[in-house]
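Lettering follows sequence order; numbering is per chain, from 1. Values reported hereafter were calculated over all heavy atoms of this structure, with side chains retained and with hydrogens, waters and symmetry mates removed.
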Amino acid sequence: MASSENISQARSITGLRGLLSSQRNFRRLQQIIIFVIMLIGAVAMIAPFEWMLATSFSRSANVAMPRIPTFWPSDPSTFNYKVAITNLPLARYYLNSLIVTVVSTLGYLFFSSLTGYAFAKGRFIGKSVLFIILLTTLMIPFEIRMIPMYLLMRQLHLSDSYAALILPFISGGFGTFLMRQYISAIPDELIDAARMDGANEFTIYTRVVLPLCGPALAALTVLSALWRWNDVIWPLLVISDRSLFTITFGLAMASRSQGIFTGVALATSAIAILPIMILYLFLQRYIIRGIMLTGLKG
Amino acid sequence: MLRKLRKSLIWYVFVAPTFILYALFVAYPTFETFRLSFFQEVATRQEFVGALHYIRLLGNQVFLAALLNTAFLGIIFLMIIVPLSLVMASLLNNLHVWPNLFKAIYFLPQITSTVAVALVFSYVFQPNWGLVNNILRELGVDPLPLWLAEPRYVLTGSRAAVTILAVWVALGYYMLIFQAGLQAVPSELYDAAVVDGAGPLQTWWLITIPSLRPTFIFLFITGTIDAMSRFSDLWMLGGPAGTPARSLQTIVMYVYQTAFESNDFNLASAAAVILFVAVLVLTVVNFRSFLGREFSSQSGA
């Protein structure tokens, strides 16, 4: 780090001379300065993850922490990973996360787009009133309604079930709003033409509207998947059965008991996040585009 | 009329599932939180007690501390993240080498679960061998800060550690939103500034920043709501009580602790209502202060 700063300083000085000579060198100097600042930030973004990996692969990084962990383990070993895998049913946690994320995201896409279509192109009494009701409550944070939601789940005997983790999230005001905005931009002529051909509204929805909604659906997929995969507060309220833990929630609960076993805790954490990071590597363009389209974060 | 209603029927079918779920999981719980906050469980019956819980809360040191703490952490966070991400986004917007790679890297903490990130940071800030103190030791800092074990209001205490964590997580997202805003600034404005002989810094200060007003409004409103409902990372680092010495306890953590550890759903609901009102008021204030500025700048011109 220090040496790269020295190099950049040296470059800055030579760059300053160039500044006096021509505009082009000024541009180059500017690019170098910005690049170095961005690089320092990027190192700060990656360093904690790299340190997590290095420490998780260190055999002795447990209990008393005999030496200061570095960016490269001096005693590399997969010991912590073996302990992590035998300690916790991580495969089961992953499966639960997959089930919850996939089912609630599919539901969220379906209901948001179906209702969004009705609000965008439908004609029915009470349409604007219903839409306004949906909009005004868009900003009510989940935390404000979580107590009655928990009590409701208990009354319905849904605590400790997949349904509890999925049902409250298969539709949503934001998704409906986004789909309504997106579908409004589809020309009426397309829909009218299909109607002339005798298609019913549901056929129009599946054959005409949905195929045109790719970017909006992709954005909602990203958001819903991130929300469900990373959620911890709702499982904390409605799930106590270990066989229903999601990977995020399981990691949270395990970390409370693994406190002193640093290496094992970090190995568990690496197992929980690395597959998501690899997925992100391949899908990052779509994920970032989705976040930019909606303005919301995961 | 009947024919019209029959033609409408299909649309009601399309709208129904969303509104049934909406009634169950949004409308009813919101209403019920308000109702619960005015009742008290006596034996197994709910008895109306008026504003009793609100009076109890306003005299409750733990609740007031959580309220103050939430506000403090939120304000510090926004004061750091907004200028920092604006500068970084403006720089990145002018970088021709690997801009998308940097964007992707800065966004990495945002897709990682808060739980995993908080877990890693609990070790990153470990006083004896954590990553941060290890770097500080190399730089010759002595004595080394306690970070998460230091509950006082100091620059290297628990609040500082969780603020660094929050900024580290959110930077990529805030940069992304600013970049979207930057791309929407009309290029004629920049051309005009160049013609008028403005330098790059002048242009940035006089053209770019005022043009980003919608972005600022958006980030302040969503940032305030996020800060007010902060829970997961602090719960991971300090448990529901926000250890050490409740220095990390927020309102939502107080609500959680009151409802699910002390089993007082009524008092917890009252605290949730206060959170709701606070979010509402702050959203309106954010809106008005930005709109007010818009009106005054218009009348000035």
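With a 4.5 Å cut-off on non-hydrogen atoms, B:I10 touches chain A through its side chain but not through its backbone. With a 4.5 angstrom heavy-atom cutoff, B:F121 touches chain A only via side-chain atoms. With a threshold of 4.5 angstrom between heavy atoms, B:W98 approaches chain A through side-chain atoms but not through N, CA, C or O. Only the side chain of A:T176 comes within less than 4.5 Å of a heavy atom in chain B; its backbone stays farther off. Proximity to chain A (any heavy atom under 4.5 Å) is restricted, for B:I177, to the side chain, taken from C-beta onward. Heavy atoms closer than 4.5 Å to chain B are found in the side chain of A:F119, but not in its backbone. In this structure, chain B has heavy atoms under 4.5 Å from both the backbone and the side chain of A:I288. Of the two parts of B:R137, only the side chain, counted from C-beta on, holds a non-hydrogen atom closer than 4.5 Å to a non-hydrogen atom of chain A. Of the two parts of B:A116, the backbone and the side chain both hold a non-hydrogen atom closer than 4.5 Å to a non-hydrogen atom of chain A. In this structure, the portion of B:F231 lying under 4.5 Å from any heavy atom of chain A is its side chain and not its backbone. Contact annotation for A:L281: neither backbone nor side-chain heavy atoms come within less than 4.5 Å of a heavy atom of chain B. Neither the backbone nor the side chain of B:L219 has a heavy atom closer than 4.5 Å to any heavy atom of chain A.
With values rounded to the nearest 0.5 angstrom, A:F35 atom CZ is found 13.5 Å from B:L91 atom CG.
Counting only distance, with no hydrogens or angles, the side chain of A:Q31 and the backbone of B:H96 share a donor-acceptor pair below 3.5 Å. Remark: the backbone N or O of A:M45 is not paired with any side-chain donor or acceptor of B:Y106 at under 3.5 angstrom. Under a 3.5 Å cut-off, the side chain of A:Y280 and the backbone N or O of B:A104 do form a donor-acceptor pair.
Below 30°, between 30° and 60°, or above 60°: for B:F14 and A:Y117 the angle between ring planes is between 30° and 60°, a tilted geometry. Using cut-offs of 30° and 60° for the angle between ring planes, the A:F124 and B:Y12 rings count as perpendicular. Aromatic ring pairs are classed by plane angle as parallel below 30°, tilted from 30° to 60° and perpendicular above 60°; the pair A:F49 and B:W168 is tilted.
Nearest heavy atom pair, residue A:L152 against residue B:L24, reads CD2-O, 3.6 Å. A:P141 and B:I225 make their closest contact through CG-CG2, 4.1 Å (heavy atoms, listed as atom of the first residue, atom of the second, distance). Nearest heavy-atom pair across A:M38 and B:M88 is CE-O, 3.1 Å.
Interface remark: of the candidates B:L9, B:I221, B:V13, B:T33, B:T33 forms the most heavy-atom pairs closer than 4.5 Å to chain A. Your options are B:V252, B:N133, B:I111, and the one with the most heavy-atom pairs under 4.5 Å with chain A is B:I111.
B:W235 has its side chain out of reach of A:I233: every pair of non-hydrogen atoms, C-beta onward, lies at least 4.5 Å apart.
Applying side-chain contact (heavy atoms from CB on, under 4.5 Å) to B:F25 and the options A:S171, A:P168, A:P148 leaves one that passes, A:P168.
With sequence neighbours excluded, the residues that form a ring-ring contact (aromatic ring centres under 6.0 Å, His included) with B:F34 are B:F276.
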